[in-house]
Structure formats: structure tokens, C-alpha cells
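These notes concern the structure reproduced below.
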Number of protein chains: 4
Amino acid sequence: MTSPRSPRASPRRLPPDAPEPEKRRAILHAAVRVFAEKGYHGCRIADVARAAGVAYGLVYHYFQNKDELLESVFAEQWAILLAALKAIQEGPGSASDKIAGVLGFVLDVFKTAPTAVRVLILEVARTPKVLRSGSTPETFFSAIGIISDVVKAGQEAGELRSDIEPVVAATGILGALEMTVTGLVVGLVRPAGPPEEQIDAVKRQLEAMVLAGLRAPGR
Amino acid sequence: MTSPRSPRASPRRLPPDAPEPEKRRAILHAAVRVFAEKGYHGCRIADVARAAGVAYGLVYHYFQNKDELLESVFAEQWAILLAALKAIQEGPGSASDKIAGVLGFVLDVFKTAPTAVRVLILEVARTPKVLRSGSTPETFFSAIGIISDVVKAGQEAGELRSDIEPVVAATGILGALEMTVTGLVVGLVRPAGPPEEQIDAVKRQLEAMVLAGLRAPGR
Amino acid sequence: MTSPRSPRASPRRLPPDAPEPEKRRAILHAAVRVFAEKGYHGCRIADVARAAGVAYGLVYHYFQNKDELLESVFAEQWAILLAALKAIQEGPGSASDKIAGVLGFVLDVFKTAPTAVRVLILEVARTPKVLRSGSTPETFFSAIGIISDVVKAGQEAGELRSDIEPVVAATGILGALEMTVTGLVVGLVRPAGPPEEQIDAVKRQLEAMVLAGLRAPGR
Amino acid sequence: MTSPRSPRASPRRLPPDAPEPEKRRAILHAAVRVFAEKGYHGCRIADVARAAGVAYGLVYHYFQNKDELLESVFAEQWAILLAALKAIQEGPGSASDKIAGVLGFVLDVFKTAPTAVRVLILEVARTPKVLRSGSTPETFFSAIGIISDVVKAGQEAGELRSDIEPVVAATGILGALEMTVTGLVVGLVRPAGPPEEQIDAVKRQLEAMVLAGLRAPGR
DNA sequence: AATGAATGAGCTTTCATTCAT
DNA sequence: CATGAATGAAAGCTCATTCAT
């Protein structure tokens with residue numbers, strides 16, 4: 001990985017107006033599945049190509065190299081998450097509502113696309129430093145930043161307790177959320193009832209716990 | 001052709017009474033450092049050998065292969081953590097005290113041995129499922145189990161709220177803790193003041209937040 | 001950690017209709033030469049690749065591993081021999097004619113391609129049992145079987161003596177043939193005259209001896 | 001193999017009067033068993049040491065290196081065979097008697113020590129050229145030579161046919177014998193009856209065939 | 001004599017990347 | 001755009017051999 005073999009100039013980006021080629025999408029989606037199953041390092045380009053039903057070399061037609069492929073996968077996933085977070089942040093409602101909204105959103109996505117979430121959870125921010133040169137870390141920081149801002153706003157409004165730094169709060173929230181999803185993914189957290197309701201139950205409990213931990217005294 | 005080479009008779013395990021060879025320790029410690037720096041996949045056996053100051057082949061004298069080396073590293077680290085968790089669980093004090101104790105322990109270890117924690121955090125439980133065939137997953141489950149038991153005891157004593165399943169609570173606690181440590185590792189969480197006090201501050205805030213989230217109403 | 005890496009999906013076998021790639025042939029032929037010179041264990045894949053004039057990795061593109069390469073070499077050589085034996089068996093002539101035909105065929109092949117014969121002689125059927133898991137042993141048994149059938153037919157026709165079990169006879173015939181070729185290969189058997197005639201002389205003598213040993217009394 | 005790492009001067013030979021150390025014998029015998037099972041290249045010094053019940057390094061105390069160990073094994077086995085051949089040659093009886101004696105001797109040895117024969121059969125004269133620098137090939141030639149002399153004597157006495165060169169005859173005889181033993185080893189040749197008698201039956205048939213092939217016309 | 005930990009060259013195998021078609 | 005054969009550096013693993021005890 002990251003063997004800087006030939007820092008080719010052209011970023012291989014399609015002209016901004018052209019629609020994204022169908023096969024590029026196929027590769028990207030296949031990559032998500034394969035990464036989810038074997039992890040970034042455990043999979044070969046050949047695996048992705050096969051899963052996408054395209055030829056070996058085509059991957060290199062659309063992506064500079066393996067790293068860029070990973071970056072693209074992450075970028076796409078994070079873009080969705082970030083957009084949602086931003087929408088929630090800028091939307092109406094109290095800080096508590098917004099935090100609950102974030103928890104709910106992630107768990108809902110997990111209900112419909114557990115694989116994608118799994119990749120985000122298990123691979124992001126777990127890859128060696130070298131990889132950290134792309135856009136991934138900034139994006140990760142952004143996510144923390146948004147939640148952090150929501151918390152700060154809540155504190156200033158007197159709704160949330162002020163003795164906890166927003167960054168620490170945001171980190172704790174995301175951590176609890178992430179580990180809960182991991183628990184679901186791994187099968188550790190497995191409440192009674194049909195799958196759908198299981199997740200809803202977990203969502204309610206997590207929400208209650210997190211909000212109680214942040215609520216300003218007397219509220 | 002390769003005659004199946006009778007599946008390696010000696011499990012390469014030292015007799016249980018013999019003291020651990022000095023060089024074995026050296027390799028294990030070196031592995032922690034190298035994994036921390038480059039990640040499991042990013043490092044070569046040669047790196048570990050060099051860092052340990054031993055010959056290449058000696059690694060294979062003490063460990064079956066790269067995987068077993070990783071397993072051993074994890075096993076050792078987890079053993080320490082689990083022992084501490086158990087000691088806290090069986091010790092005196094209320095459920096809140098014990099939970100605070102767990103948070104404090106992990107953050108204290110981080111203060112003195114951030115490298116080891118980093119390996120545990122960034123590499124463990126982030127490797128594809130298949131890998132989970134060793135002792136790692138059970139150990140991870142054990143950790144969750146212990147915290148979960150502490151929570152349950154607290155609930156039965158009326159000290160902690162009962163509307164949250166112990167497993168969900170335990171997962172949330174560990175998640176918040178882990179992400180906080182990650183934040184410290186990555187440099188995201190970076191409160192003012194000298195390093196020592198920074199961590200103490202984070203510890204206090206995390207503790208307050210977590211306990212408030214679990215406290216039974218009216219307490 | 002090595003995710004089990006789904007057992008190599010493609011058996012690396014070309015579709016039965018496609019013509020064999022030129023380079024695959026080149027590798028196979030080079031392998032024969034190199035095995036002949038250094039023996040299976042004494043040669044490296046690098047040697048074969050160099051002798052074939054192809055890149056290192058291409059060997060692994062066409063063959064699973066070193067063992068499979070050896071198997072392929074053997075399979076090819078044996079296939080030729082077996083086909084010839086079968087043709088002789090099913091052709092016209094008495095049992096004696098057919099046995100003489102077999103002796104002649106092998107020694108003729110040796111005249112034109114001593115290298116290939118050398119590989120077959122020195123490497124085949126001399127490798128530990130375990131190795132025998134491929135197709136080699138069955139093929140070897142087939143060869144014995146064919147000769148054995150020829151002998152049996154000759155016995156039933158009253159042409160050959162009946163007090164010797166066909167299998168024993170076949171084994172003796174092939175053994176004498178093989179050792180003779182080995183003697184020629186090693187330079188032990190070295191009659192006077194130019195090479196061509198040397199071999200012919202040996203052929204006549206071997207034939208006379210073998211047939212006299214099998215002839216039915218009174219013929 | 002044969003990496004001429006340090007052509008140490010001392011041949012590691014014990015003083016000619018001293019009795020052979022018990023452990024040296026143990027190693028030699030273990031080597032025979034292990035070679036028989038896995039072949040020369042398929043076995044490790046560790047295998048031999050373990051089979052002999054001695055420590056790793058002791059093998060190197062008694063033998064220069066792996067090659068010398070193989071040489072010693074062969075030398076010992078061949079010495080037995082050669083001594084027997086010579087005894088037969090110099091003993092009384094006609095050429096036919098002597099040839100029958102050779103066949104009988106080898107098959108008898110096989111009855112009592114099939115393993116040792118197997119090593120001689122399957123490993124000797126099948127090892128890459130490089131190894132041929134020791135005493136092995138000469139010994140092999142000697143065996144052929146002795147039989148060859150017996151044949152020649154028989155020809156001069158008018159007992160055996162003269163139209164076959166003694167070397168060719170000797171090669172054929174040994175080849176038939178060797179392949180027959182191989183057949184027994186591999187389980188290909190498997191006549192009816194209890195094991196003991198099976199071998200005797202094979203012996204009689206082989207003898208009849210070989211002698212008929214060599215007898216002078218009119219005898 | 002005996003032991004087995006220690007060494008390291010060498011070999012097999014993998015797989016990201018290139019390129020001719 | 002698409003293909004997949006071809007390349008070769010890199011890394012894991014083996015095992016003969018040495019050496020301190």
C-alpha cells in the first residue's frame with residue numbers, strides 16, 4: 001500500500017458534467033462489500049473486480065490505485081453521513097432532539113444497509129497512519145466537529161450541562177453509538193423480539209442513556 | 001510435492017513451569033511497538049526482529065507465524081485488562097464506583113503506556129471476522145460481560161436505572177471510553193494544560209457524563 | 001491474520017476449447033529442461049522462469065505452485081507414453097511384437113529426446129508416497145496394466161509361457177527397460193560404435209533377452 | 001543442500017579402534033526410517049533427531065552435514081549388499097545359481113527389512129547430480145560390475161548366451177529386480193496367499209523369467 | 001558428549017500495477 | 001472503454017548450520 005510508484009499527474013477525474021459511468025459505480029459498490037467482508041488489507045484488487053463483474057484492469061482505469069479506491073469508498077460513505085449530520089444540525093429542534101436525531105439516523109441506516117455501516121465502522125480511522133494523508137481524517141474530524149457544535153449550542157442555551165467540554169461529549173456520544181452498532185454487527189447486542197424492533201429498542205435505550213448523561217441539572 | 005510434513009508436532013509452547021525466555025519477551029514487546037507504529041499489515045516480521053534485536057528466524061522459533069504473534073500480543077494485553085476489570089468488579093464499592101474505576105484504570109494505563117493501548121485500540125476488534133477464530137473475541141466478550149454484570153448488580157441494588165439493558169449500557173460505556181482514548185491517541189481530544197492534567201480532566205468529564213446517564217432517578 | 005482468502009476460485013485451468021497459451025508451453029518445456037538438470041528439489045521457480053524467458057510471476061499465473069508445475073510436466077510426459085502404449089496394444093501383431101514395440105518405442109524416444117526421458121526416469125515414481133496424491137501413480141499403474149494385458153493375451157494365445165503372472169512379467173519388463181535407459185542416461189551402458197547404433201544394439205539385445213524369458217516352451 | 005558453507009577439514013571420523021557410539025547408530029537407523037518415509041529432501045534434520053531420540057545438535061556432532069548423513073546411510077546399506085554379492089560371486093555354483101542367488105538374497109532382505117530396501121531403491125541413484133560426488137555412484141557401478149562379471153563367466157563357460165553384452169544383461173537383471181521390489185513396496189505386485197509365500201512365489205517367477213532370458217540355446 | 005537456542009540465506013508465494021491489444 | 005496476460009518487488013516461512021553452555 002501507498003507505494004508511491006508513479007505519482008501520475010492526471011487525477012483520473014471525469015469531466016464534471018459527465019454522468020458517472022455505470023461500471024465505476026459497480027466497482028465502488030463491490031468495494032464496499034469486499035472491504036466489509038475481508039477488510040482493506042485482506043482483499044485484493046482481483047476480489048473487487050470479480051465482485052463487480054468487471055475486468056481486472058478496469059479498476060485501474062477508474063481509480064489511480066488501491067488507496068484511492070479506499071478513499072473513494074470512504075468519501076462516498078462519509079459524504080452521506082456528513083450531509084445527514086449537517087441537515088440535522090441546521091434543522092429545527094432542541095440540542096437533545098438533534099442528538100437523538102443523529103443516533104436515530106445512524107441506527108436507521110444500519111437497519112437498511114448494515115454492510116456499508118460496517119465498513120465505515122470497522123475500517124475508518126483504523127488504518128495505518130500513512131493512509132491518513134487523504135481526506136478521511138478531516139472528514140472524521142468534521143463529524144466530531146458537528147456534534148461538538150450541537151452540544152455547545154445546547155450548553156449555551158442552558159439545555160445541556162456545561163461542565164463537559166463539547167469535544168469530549170461529542171467523542172463519547174459517537175463512541176457509544178459506534179460500539180453499539182459494532183455490538184449489533186458482531187451479534188453481541190441482541191435484545192429480544194424481531195430484528196426491526198430489536199434495533200428500535202436499542203435505539204431508545206441508547207438515547208435515554210446519552211441524553212441523561214448530558215442534560216443540564218434541574219431539567 | 002511437499003510431503004504434508006506432519007503438522008508441526010511441537011506447539012512451540014514452553015512447559016508451563018519454565019520461565020519465559022528473555023528473547024521471547026523481547027520479541028513480544030517489540031511487536032507491540034511495531035504494530036502500534038505501522039499496524040499489523042504494514043509491518044514485516046523483519047521489522048519486529050530488528051526492533052527486538054534478534055535474528056529473523058528466532059521469531060519463528062517462538063511463534064508459529066505472524067498471526068500467532070499478533071494473537072499473543074493481544075492475549076497478553078487483554079489478560080492485563082481483564083484481570084484489572086475482574087479485580088475492580090470483585091472489589092468493594094458501589095456500582096458507580098466500579099464503573100468509575102474502570103474508566104480511571106484504562107485512562108491511567110494510557111497515561112503510562114499509550115503505545116500498548118494504541119495497539120489494543122487500533123488493531124483489536126477491527127480485524128475481519130475470520131480472524132476472530134483465536135482467543136480474541138471471547139476475551140472481548142468477557143470484557144463486555146464483566147461491565148454488564150456490574151451494571152446489573154447496580155440495577156438490582158436500585159442504584160442504577162433499570163430501563164436500560166445491562167449489555168447495552170456496557171457497550172455504551174466501553175464505546176465512549178474507547179473513542180475517548182482514540183481521540184486522545186489521534187490528537188483530536190486535546191484539552192488545555194499539561195498532558196498529565198489533560199487526561200485527568202478528560203477522565204473527570206467522561207466519568208460525570210457516563211454516571212449521570214446511568215443513575216437511577218431520584219438518586 | 002490472513003482471512004482464509006476463499007480457496008482460490010479459479011482453478012487456473014483454461015477453458016477446454018481455448019488453445020494453450022504459447023507462454024504456458026514455454027514454461028512447461030523449460031521446466032522439463034530444468035528438472036532434468038537439477039532435479040525437482042534442486043531447482044527454483046526462478047530457474048524455470050529464466051529458462052522460459054518469462055517473468056517470475058507468470059509461472060504462478062499458469063500454475064498454482066511448484067508442485068502443480070511438476071504434476072503438469074509429468075502428466076504431459078506420461079500422456080505421451082500411455083498413448084503410445086495403448087496404440088501398440090491395440091495395434092496388430094503378436095504379443096512378442098507388441099512387447100518389442102514397447103521396448104523400441106521407449107528407446108527411440110530416448111534417442112530423440114533424452115532429456116525428457118531423463119526427467120521421467122529420474123524424478124517420476126521416486127518421490128515419497130505422499131506425493132503420489134496427484135495423477136502420477138494411477139498413470140504409472142496404467143502403464144503396468146497395459147503391458148500386463150498384452151502378456152495375458154499372449155499367454156492365452158499360447159504364445160507366452162503361463163507360469164508367470166502377467167503383473168510380475170510386466171513389472172520385470174518395465175524394470176529392465178527403465179534400468180537400461182538409466183544406464184544409458186548415466187553413461188554406464190556404453191557399447192562401442194556411434195551413438196545411434198549403440199542404442200540400436202542395446203535395443204536388440206534387450207529385446208532378445210526379454211522375449212526369450214517369456215516365450216512359451218516349444219516355440 | 002550441498003551449500004559448501006565451510007569445508008571443514010576434520011572428517012569427523014572416530015578413531016578406528018573405538019567402538020561406534022550407541023547414539024551414532026541410533027541416528028543412522030533413524031535416518032533410514034525417516035528417509036524411507038519422506039525421502040531425502042522431504043525430511044529435516046529435526047525429524048531425524050526426533051526419531052532417534054537425540055538432541056538437534058548431536059546429529060552435527062557425528063556427521064558433517066545432511067549430505068554426509070545420507071552418504072553414510074547409503075554406504076552402510078550398499079556395503080551389506082555388495083558384500084553379499086561378492087560372497088555369492090566368489091562362492092560355488094554355476095552362473096545361473098549365482099544369479100538366482102542374487103535375486104533370492106535381495107528379496108529375502110526385503111522380507112526382513114523392507115524399509116531399508118525401500119531407501120536403497122527409492123532414493124539411491126535418484127538424487128541430483130551434485131550429490132553424486134560421494135561414493136554412491138561408484139558403489140552402484142560396483143554392483144553392476146559384479147553381476148556383469150558373473151554373466152561374463154557364464155558366457156565363457158558356455159552356460160549363458162553370448163549375444164548379449166554382460167553389462168546390458170546385468171542392467172536388465174538389476175532393473176527387473178528393482179522394479180519388482182518397487183512393485184512389492186508400492187503394493188502393485190500382490191499375488192495371492194500369505195505375505196511370506198507371496199514373496200516366494202514372486203521370487204520363483206522372476207528367477208524363471210530372468211534365467212530363461214539368458215540361457216544359452218540348447219541348454 | 002550433549003543440548004537446543006540462535007542465525008540468516010534462500011525459496012515460495014502474493015499481488016499491486018502496467019501495457020499491448 | 002475494456003480486457004487480462006505479464007511483470008517483479010516484497011514479504012512470509014523453512015531449515016541447514018553454528019555456538020554458547
Side-chain angles (χ1 to χ4, degrees), chain A residues 1-3 5-6 8 21-24 41-50 54-67 69, chain B residues 2 5 8 10 14 21-24 27 41-49 53-67 69, chain C residues 2 5 8 10 14 21-24 27 41-49 53-67 69, chain D residues 1-3 5-6 8 21-24 41-50 54-67 69:
Chain A
M1 163 170 128
T2 60
S3 17
R5 220 166 285 195
S6 71
R8 182 178 309 212
E22 183 188 325
K23 301 232 171 168
R24 191 178 196 275
H41 287 285
C43 81
R44 300 161 287 187
I45 292 291
D47 295 329
V48 175
R50 193 180 318 124
V54 302
Y56 215 101
L58 197 59
V59 176
Y60 283 89
H61 187 77
Y62 285 118
F63 303 92
Q64 204 93 119
N65 52 35
K66 200 181 171 187
D67 283 4
L69 177 57
Chain B
T2 48
R5 224 172 234 334
R8 185 66 66 198
S10 69
L14 11 160
E22 184 187 325
K23 302 238 170 167
R24 191 179 195 274
I27 293 171
H41 288 284
C43 81
R44 298 155 295 180
I45 292 292
D47 295 330
V48 175
V54 303
Y56 202 103
L58 197 60
V59 176
Y60 285 91
H61 186 76
Y62 285 116
F63 303 92
Q64 206 93 127
N65 52 35
K66 201 181 171 186
D67 283 4
L69 177 57
Chain C
T2 49
R5 219 174 239 330
R8 183 69 66 196
S10 70
L14 11 161
E22 182 189 325
K23 301 237 170 168
R24 191 179 195 276
I27 293 171
H41 287 284
C43 82
R44 297 155 297 180
I45 292 293
D47 295 329
V48 176
V54 303
Y56 207 105
L58 196 60
V59 176
Y60 284 91
H61 186 76
Y62 285 117
F63 303 91
Q64 206 94 125
N65 52 36
K66 201 180 169 187
D67 283 4
L69 177 57
Chain D
M1 159 172 128
T2 61
S3 18
R5 220 167 286 195
S6 71
R8 183 176 308 210
E22 182 188 326
K23 301 229 170 171
R24 192 178 194 276
H41 287 285
C43 82
R44 300 161 285 187
I45 291 292
D47 295 329
V48 175
R50 195 180 316 123
V54 304
Y56 216 100
L58 197 59
V59 176
Y60 283 89
H61 188 78
Y62 286 116
F63 302 91
Q64 204 93 122
N65 52 37
K66 200 181 170 185
D67 282 4
L69 177 57

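Keep in mind that the numbers below use all heavy atoms, side chains included, and drop hydrogens, waters and symmetry copies.
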Practice task
Round to a whole Å and report the spacing from CD1 of Ile27(C) to C1' of dA5(F).
Solution key: 11 Å

Practice task
Using atom CD of Gln64(A) as one end and atom C1' of dA16(E) as the other, report the distance to the nearest whole Å.
Solution key: 13 Å

Completion exercise
Considering only heavy side-chain atoms of Arg44(B), the closest of dA16(F), dA11(F), dT14(F) is dA11(F)

Completion exercise
Closest non-hydrogen atoms of Tyr60(C) and Asn65(C), given as atom of the first, atom of the second and distance, are CE2-CA, 3.8 Å

Exercise for the section: Write down the distance between CD (Glu22(C)) and C1' (dA20(E)), rounded to a whole number of angstrom. Expected result: 14 Å

Fill in the blank from the handout: Checking dT7(E), dA2(E), dT12(E) against the side chain of Tyr60(C) (C-beta onward), the nearest is dT12(E)

Fill in the blank from the handout: A correct dot-bracket answer for DNA chain F, with pairs being Watson-Crick or G-U at under 3.5 Å, [ ] for crossing pairs and | for inter-strand pairs, is .||||||||||||||||||||

Exercise for the section: Take atom NE2 of His41(B) and atom C1' of dC15(E), then tell me their distance rounded to the nearest Å. Expected result: 14 Å

Exercise for the section: Taking all heavy atoms of Leu69(A) and all of Val59(A), pick out the closest pair and write down the distance. Expected result: CD2-CG1, 4.4 Å

Practice task
Would you please confirm or rule out a distance under 4.0 Å between OP1 or OP2 of dA5(F) and any side-chain N or O of His61(C)?
Solution key: yes

Handout entry: Given DNA chain E, 5'-ward residue of the pair Leu58(B) and Asn65(C), judged by closest heavy atom
Key = Leu58(B)

Exercise for the section: Calculate the interatomic distance between Lys66(A) atom NZ and dC15(E) atom P; express it in whole Å. Expected result: 8 Å

Exercise for the section: Check side chain to side chain contact (heavy atoms under 4.5 Å, CB included) between Tyr56(D) and all other residues, then give those that pass, not counting sequence neighbours. Expected result: Ala46(D)

Handout entry: Of Tyr56(C) and Ile45(D), the one whose closest DNA chain F nucleotide lies more 5'
Key = Tyr56(C)

Exercise for the section: Would you please confirm or rule out a distance under 4.0 Å between OP1 or OP2 of dA6(E) and any side-chain N or O of Tyr62(B)? Expected result: yes

Completion exercise
Between Ala46(D) and Gly53(C), the residue closer to the 5' end of DNA chain F by nearest nucleotide is Gly53(C)

Handout entry: Atom pair distance, as rounded to whole Å: NZ in Lys23(D) and C1' in dA1(E)
Key = 8 Å

Completion exercise
Looking only at dG8(F), dT13(E), dG4(F), the nucleotide nearest the Ala55(A) side chain is dG4(F)

Completion exercise
d(Cys43(A) SG, Lys66(A) NZ) to nearest 0.5 Å is 4.5 Å

Practice task
Report the distance from atom NZ of Lys23(B) to atom OH of Tyr62(B), rounding to the nearest 0.5 Å.
Solution key: 8.0 Å

